[in-house]
Amino acid sequence: MSAQKVNVTVDQHMTLKEFFKQIENQTDFKFAFTDQIDTDKKYFTKKNTYKQIEIDKLISELNKTATIQFSVVGNNIFVKQKSQSHKTAKKKQAERTDY
């Protein structure tokens, strides 16, 4: 089922809810997410337009730039916060500049 193709545009001004609507209007996919995800928030960092892209490929592309993590399971697309480990490492590194 993930071979369904969609036309999607994302940008810095788009809320997650607007993104969900684009996908749900074109496919049988539904979104599931944790309480930590605010669907009225803007999680995308740059503008991209995808034409006739398979869902799996779209999710892979979005995971490279979005501040959240998408994963496909059956007809569901799960959304969660990305791991903070790399941000924490950068913060610790920045704090250690007082040598």
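All heavy atoms count here, side chains included; hydrogens, waters and symmetry mates do not. All residue numbers refer to positions in the sequence shown, counting from 1.
- A side-chain donor-acceptor contact under 3.5 Å links T27 to the backbone of I23.
- Contact of the V6 side chain with the F29 side chain is not registered, since no non-hydrogen atoms from C-beta on lie closer than 4.5 Å.
- Contact annotation: the side chain of K46 approaches that of T65 to within less than 4.5 Å [non-hydrogen atoms, C-beta and beyond].
- The line from CD of Q22 to CG of L58 is 9.5 Å long, rounded to the nearest 0.5 Å.
- Here D40 pairs with K17, D38 under the side chain to side chain contact (heavy atoms under 4.5 Å, CB included) rule; sequence neighbours left out.
- V8 places none of its side-chain heavy atoms less than 4.5 Å from the side chain of L62.
- Partners of K47 by side chain to side chain contact (heavy atoms under 4.5 Å, CB included), not counting sequence neighbours, listed by chain and number: T9, D11, Q12, T49.
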Q4 vs D28, side-chain contact (heavy atoms from CB on, under 4.5 Å): CA-CA, chis, key distance, verdict: CA-CA 9 Å; Q4 293 182 64; D28 297 329; 4.0 Å; yes

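- The side chain to side chain donor-acceptor pair (under 3.5 Å) test applied to Y50 returns N48, not counting sequence neighbours.
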Evaluate the criterion side-chain contact (heavy atoms from CB on, under 4.5 Å) for residue pair L16 and F31; output intermediate values, then yes/no. CA-CA 10 Å; L16 200 55; F31 287 86; over 6 Å; no

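- Between K41 and T15, the closest side-chain pair of non-hydrogen atoms is not below 4.5 Å.
- Residues K42 and H13 come closest through the heavy atom pair CE-O, 3.1 Å.
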Let me see the working for N75 and K30 under side-chain contact (heavy atoms from CB on, under 4.5 Å), right down to the final yes or no. CA-CA 6 Å; N75 267 12; K30 297 293 178 204; over 6 Å; no

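- Checked against side chain to side chain contact (heavy atoms under 4.5 Å, CB included), S71 has the following partners two or more places apart in sequence or in another chain: F78.
- A donor-acceptor distance shorter than 3.5 angstrom exists from the side chain of K82 to the backbone of A66, with no hydrogens or angles considered.
- Inter-residue side-chain proximity for F33 and K80 is flagged as unmet; no heavy-atom pair is nearer than 4.5 Å.
- Separating the CG atom in D56 from the CD atom in E61 is a distance of 12.0 Å, to the nearest 0.5 Å.
- Applying the side chain to side chain contact (heavy atoms under 4.5 Å, CB included) test to Q36 and every residue at least two apart in sequence or in another chain returns T34, Q81.
- F70 is linked by a ring-ring contact (aromatic ring centres under 6.0 Å, His included) to F19, counting only residues two or more places apart in sequence or in another chain.
- Judged by distance alone, the side chain of Q26 and the main-chain N or O of N7 form a donor-acceptor pair under 3.5 Å.
- Counting heavy atoms from C-beta outward, F20 and V79 have side chains that approach closer than 4.5 Å.
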